[in-house]
**Student:** 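Pasting in a structure now, in C-alpha cells, and then I'll have a few things to ask.
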Amino acid sequence: MKRILRSHPLHRFCAIVALTIVVAAQTCLAFDPNEWRNTQTLEVPAKGLVRVNVPAPTLDAAQPGLEDLRIVDSKGNQVPYLIERLLPDAESKIRPAEFRSTIENGATNLNLRTGSRAPLVGVSLETPATRFMKAVDIEGSNDGTTWTKLAGGDSLFRLPDGAAKLRVSFPEGAWEFLRVTIDDLGSPPVPFTGADLHKARTTAPAEPLPITIKSRDESPGATRLALDLGAANLTLGSLRIESNEPVFTRIVTLAVPEFGNDGIRERNIADAVIYRVNMNGKNEAHLEIPLESEIHTRELLVLIQNEDSPPISIDSVRADRRLVRLTFFANQPGQYSLLSGNTQCTAPRYDLSALSGRLRNASATDVVPSALVPNPNYKPPEALAALTLTGAQIDIAKWKFRKPLPLSQSGVQQVELGPELLARSQPDQRDIRIVRGEYQLPFIFERTSLSRSIDLNAAAANDPKKPAFSRWSLKLPQTGLPIARLVCTSSSPLFHRQMRLWEEVTDERGDKFASELGRATWDQTPNSPKRDLVIELNARPQSDTLFLETDNGDNPAIDLRNFRSYYPVTRVVFKATPDPAQPVWLYYGNPDTTTPRYDLTLVAGELLKAERSTVAAGPEENLSSKPSFVGETLAGSTRYIFWGALALVVIVLLAIMSRFLPKPGQQ
C-alpha cells in the first residue's frame with residue numbers, strides 16, 4: 001500500500017516564500033554595499049522567516065521613506081524583505097438607528113437603538129450648548145428590558161475657553177440599546193440633538209520615546225517649545241504634556257519645520273485642547289494629543305496659546321512611537337547585515353507584495369539588530385549632499401554692510417538675523433548673501449514662529465489742541481525696524497479705550513502725513529486679570545518714532561508703562577567648514593540686487609535633519625565709501641530749502657541768458 005505524505009500548511013507557505021525570495025534575489029539588480037554609510041549585524045539563529053523591529057537610530061540614518069534600507073547575507077547578496085508600519089486602524093463612528101430624548105425627574109434621558117452588532121467602546125453626544133457641566137451614566141441592553149451599567153458618574157462638559165468632554169467610554173461590547181442618563185439636578189437641562197457610536201478598533205504596538213525640550217520661548221500670549229525627538233523619520237502615536245498646574249485650559253498646535261519655495265516654514269500637523277479642570281469635586285484632565293503622523297525631522301514644535309493667562313509650568317513632554325518592522329526569509333542561519341544611509345538610491349522593488357498579507361500574520365523569529373556603526377568600507381557618492389556647497393562668484397562692491405560669521409564646527413550652520421541687520425536689509429531680505437572669498441555660500445531662510453522683544457523709550461507727547469487725547473512717543477533703536485507687534489501694560493484699574501498706533505512719514509513731495517500702523521480695543525476692570533495691550537502692526541514702520549494715542553473722552557488719562565515691541569525671528573541655514581584663511585561673511589544692504597536662486601532643493605532634507613551649529617554674527621562693518629544720494633538724505637524743511645535754492649539758481653541762469661538774446665526790432 002502506497003503511503004501519501006501531506007505537508008503542514010505552514011511548511012507549504014514557507015516553501016512558497018522561499019521560492020519567491022530566491023527568484024526575487026536572482027532578479028535583484030547588482031549593488032555595492034560600500035555605498036551605504038551605516039551597517040548593523042543581524043544574528044539569525046535558524047532558517048526561516050525573520051522579523052526585525054527597526055530601531056530609532058536606524059530610522060534616523062535612513063531616507064524619509066526608508067528607501068535605502070537593505071538586508072544583505074554573508075555573501076553580500078541582497079535579501080528581499082517586506083516593510084510594515086504598524087499602525088492602529090482609524091477609529092470609526094456610526095450613527096445610531098434611533099435617537100430619542102426626554103426630560104423627567106431631574107434628568108435628561110437619551111435612548112439609543114444602535115442598529116449595529118459591532119463591538120462598541122463609547123458614545124459622543126452632540127449639543128449646541130456652549131457652557132455646561134453634567135454627570136452621566138450609561139447602560140446597555142440587548143432586549144430593551146435587562147440593562148447592564150457600563151459607565152457611572154462620568155462627566156460631560158463644555159467650557160467657553162475651548163475645553164470640552166462630550167465622549168463617554170465604556171468596556172468593549174456589542175449592544176442593541178444604550179440608555180444615557182444625564183443629571184440635571186444641579187443645573188438646568190441642556191439640549192442634546194444627536195450622538196455618534198464609537199466602534200472598537202485594533203491596536204498597534206508602540207514604545208516610549210525619550211524627548212528633550214531643546215528650548216522654551218515666551219511671546220505675548222504664546223509659549224513655543226522646540227522638542228528634540230532624538231531621531232528623524234519616526235511615526236508618533238501621541239504626545240503628552242506633563243504639567244503640575246492644578247487648573248488650566250490651553251489650545252495647542254503641533255508643527256514641524258518644512259522646506260518650501262521660500263525656505264523653511266513651520267507646517268501645522270495637529271491641533272488640540274489640553275486641560276485640567278475640577279468638575280463637581282472630580283478632577284478631569286486631558287493632556288494627550290493624538291498624532292499617528294510621520295515626523296521626518298528631529299525637531300517637533302509645540303505652540304501653546306496662553307491668550308491673557310500666564311504661561312503654564314511644563315514638567316516634561318512624553319511621546320510614544322509606532323514600530324516599523326522588516327520581515328525576510330533567511331535561507332540559512334548566520335550573520336546578515338542591515339544597511340542604511342544612502343541618499344542617492346531609490347526604493348527596491350521586490351516580488352513580495354502578493355504575499356504581504358500572509359507574511360504579516362505568519363510566525364517568525366524575532367531578531368534584534370546590533371548598534372548602528374559606520375560602514376568601514378563606505379565610499380561617499382559624488383553628490384551635492386556630500387560636499388561643502390559653493391555658489392557662484394559675487395561682486396560685493398554694491399553691498400553697504402557686512403558681519404563676520406565665526407564658525408567653530410563643520411557642517412550645517414544657522415545664524416539668526418538681528419534687528420540691526422533686518423532694518424538695513426530689504427524687507428524681503430533679497431540682498432542677504434553669505435560669502436567666503438569671492439564666492440557665495442548657498443543658504444536657505446528659516447521663517448519661524450519665534451519673536452524677539454525690543455524695549456522702547458517712551459515719553460508723553462500730548463497735543464495741546466486735543467486735550468481729551470493722550471499720546472505717547474515711542475522711540476525705536478533705529479529706522480525701519482521690522483516690528484510686528486507692540487505691547488505695553490497699565491496700572492489703571494478701570495478703563496475702556498480705543499488705542500491707535502501711527503507714525504509720521506514724508507511723501508515724495510516732502511509733505512508729512514500720519515500713517516496708521518494698527519489699532520486695538522483695550523478693556524480693564526478691577527476684578528479681572530490684568531491684560532496687556534497688544535497691537536498687531538499691519539505695515540512695517542518707515543521711521544524710528546511711533547505714536548500711540550487714545551481718546552479719553554470725559555475720563556481720566558490712563559497710565560501706560562513697559563513699552564516693548566516684537567519682531568519675527570528669521571534664520572539663515574547653510575553648510576560650511578571653518579577655515580581661518582578664508583572667513584565667512586554675511587553681506588546685506590544692496591537695494592538693487594535680486595533674490596538669489598540656489599539648487600538647495602537637492603539637499604533640503606539633509607539640511608532639515610542635520611544637527612545645526614548656532615553662529616552669532618559679529619559686529620557690523622559699514623562698507624559705504626560714498627555719501628547717499630541727495631534725494632535719500634533730504635526731508636522735510638531741508639528738502640524745501642534745497643528745491644528753493646535750485647529754483648533760484650535756475651532763475652538767475654535764465655536772467656543771464658536773456659541778456660544775450662537780441663531785443664525786438666534789432667537785427
Side-chain angles (χ1 to χ4, degrees), residues 218-221 308 418-424 427 451-507 510-526 529-569 620 628 632-641:
E218 301 293 345
S219 299
D308 297 321
E420 180 183 53
L421 184 152
L422 292 171
R424 297 190 189 277
S451 60
R452 304 284 187 224
S453 64
I454 301 175
D455 292 334
L456 304 177
N457 293 322
N462 294 331
D463 185 351
K465 298 179 181 180
K466 297 180 178 180
F469 279 72
S470 290
R471 180 185 295 172
W472 295 263
S473 171
L474 310 176
K475 193 73 172 178
L476 296 172
Q478 62 190 106
T479 301
L481 276 176
I483 62 172
R485 184 184 296 118
L486 175 76
V487 180
C488 65
T489 60
S490 175
S491 60
S492 301
L494 177 65
F495 60 85
H496 170 80
R497 294 290 189 277
Q498 296 290 331
M499 310 297 295
R500 176 173 175 259
L501 182 68
W502 55 279
E503 66 176 338
E504 191 174 68
V505 298
T506 305
D507 62 17
D511 297 328
K512 294 183 177 180
F513 66 97
S515 174
E516 183 173 302
L517 298 173
R519 60 173 59 219
T521 302
W522 196 12
D523 297 313
Q524 187 65 58
T525 59
K530 294 285 186 181
R531 292 178 58 241
D532 290 349
L533 169 67
V534 179
I535 296 181
E536 303 289 344
L537 276 68
N538 52 39
R540 175 174 174 163
Q542 302 178 39
S543 65
D544 64 350
T545 303
L546 310 182
F547 296 95
L548 179 67
E549 70 176 11
T550 184
D551 185 353
N552 298 309
D554 297 319
N555 303 295
I558 59 176
D559 171 66
L560 297 188
R561 60 186 65 177
N562 192 18
F563 291 88
R564 56 203 186 276
S565 60
Y566 291 82
Y567 67 92
V569 170
E620 179 181 84
S628 301
E632 296 175 343
T633 58
L634 299 183
S637 60
T638 307
R639 181 171 296 195
Y640 285 119
I641 294 172

**Student:** Do the side chains of H496 and N555 get nearer than 4.5 Å, heavy atoms only?
**Tutor:** no
**Student:** Determine whether S473 and F547 make a side-chain contact, defined as any pair of heavy atoms from C-beta on separated by less than 4.5 Å.
**Tutor:**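 Side-chain contact under 4.5 Å: yes.
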**Student:** Minimum heavy-atom separation for A423 to P482, with atom names?
**Tutor:** N-CD, 4.2 Å
**Student:** Mind checking side-chain hydrogen bond (donor to acceptor under 3.5 Å, both in side chains) for E516 and listing every partner two or more places apart, or none if nothing turns up?
**Tutor:** R500, R519
**Student:** Looking at every heavy atom in both S451 and Y566, which two are closest together, and how far apart are they?
**Tutor:** OG-CD2, 3.8 Å
**Student:** If the threshold is 4.0 Å, N to carboxylate O, is there a salt bridge linking R485 and D532?
**Tutor:**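 No, this pair does not count.
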**Student:** Among all residues two or more places apart in sequence or in another chain, which pass the ring pair (Phe, Tyr, Trp, His ring centres under 6.0 Å) test with F495?
**Tutor:**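 Residues passing ring pair (Phe, Tyr, Trp, His ring centres under 6.0 Å) with F495: W522.
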**Student:** Nearest 0.5 Å, please: how far is SG in C488 from CG in L474?
**Tutor:**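 Between L474 CG and C488 SG, I get 8.0 Å after rounding to 0.5 Å.
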**Student:** Starting at CG of L481, measure out to CD1 of I454 and round the result to the nearest 0.5 Å.
**Tutor:**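 Between L481 CG and I454 CD1, I get 5.0 Å after rounding to 0.5 Å.
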**Student:** With a 4.5 Å cut-off on side-chain heavy atoms, are V505 and F513 touching?
**Tutor:** yes
**Student:** Roughly how far, to the nearest 0.5 Å, is CG of L501 from OG1 of T550?
**Tutor:** 12.5 Å
**Student:** Under 4.5 Å between any side-chain heavy atoms of V534 and E536, yes or no?
**Tutor:**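 Heavy-atom side-chain distance check passes, below 4.5 Å.
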**Student:** Rounded to the nearest 0.5 Å, what separates atom OG in S490 from atom CZ in R561?
**Tutor:**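 Taking OG in S490 and CZ in R561, the distance rounds to 7.5 Å.
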**Student:** To the nearest 0.5 Å, what is the distance between CZ (F469) and CG (D551)?
**Tutor:** 4.0 Å
**Student:** Does the side chain of R497 reach to within under 4.5 Å of the side chain of N552, using non-hydrogen atoms?
**Tutor:** yes
**Student:** Looking at I483, N562, L486, L548, which hits side chain to side chain contact (heavy atoms under 4.5 Å, CB included) with L456?
**Tutor:** L486
**Student:** State, with a plain yes or no, whether a side-chain heavy atom of P419 is found less than 4.5 Å away from one of R452.
**Tutor:**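 When only atoms from C-beta onward are counted, R452 and P419 do not touch, as no gap falls below 4.5 Å.
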**Student:** Could you tell me the separation between the CG atom of L546 and the CD atom of E504, rounded to the nearest 0.5 Å?
**Tutor:** 12.0 Å
**Student:** Is S492 reaching over with its side chain to a backbone N or O of D559, donor-acceptor style, under 3.5 angstrom?
**Tutor:**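 The answer is yes, because a donor-acceptor pair under 3.5 Å joins these two groups.
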**Student:** I would like to know whether T489 and R564 meet side-chain contact (heavy atoms from CB on, under 4.5 Å); could you show each step before the answer?
**Tutor:** CA-CA 10 Å; T489 60; R564 56 203 186 276; 4.2 Å; yes
**Student:** Between E503 and P541 (side chain of the first, backbone of the second, donor and acceptor by atom type, cut-off under 3.5 Å), is there such a pair?
**Tutor:** no
**Student:** Which heavy atom in A520 sits nearest to a heavy atom in L533, and how many Å separate them?
**Tutor:** CB-CD1, 4.1 Å
**Student:** On a heavy-atom basis, which atom in Q478 and which in D544 lie closest, and how many Å separate them?
**Tutor:** C-CB, 3.9 Å
**Student:** Does R471 reach the side chain of D463, with side-chain heavy atoms less than 4.5 Å apart?
**Tutor:**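 R471 reaches D463 side chain to side chain.
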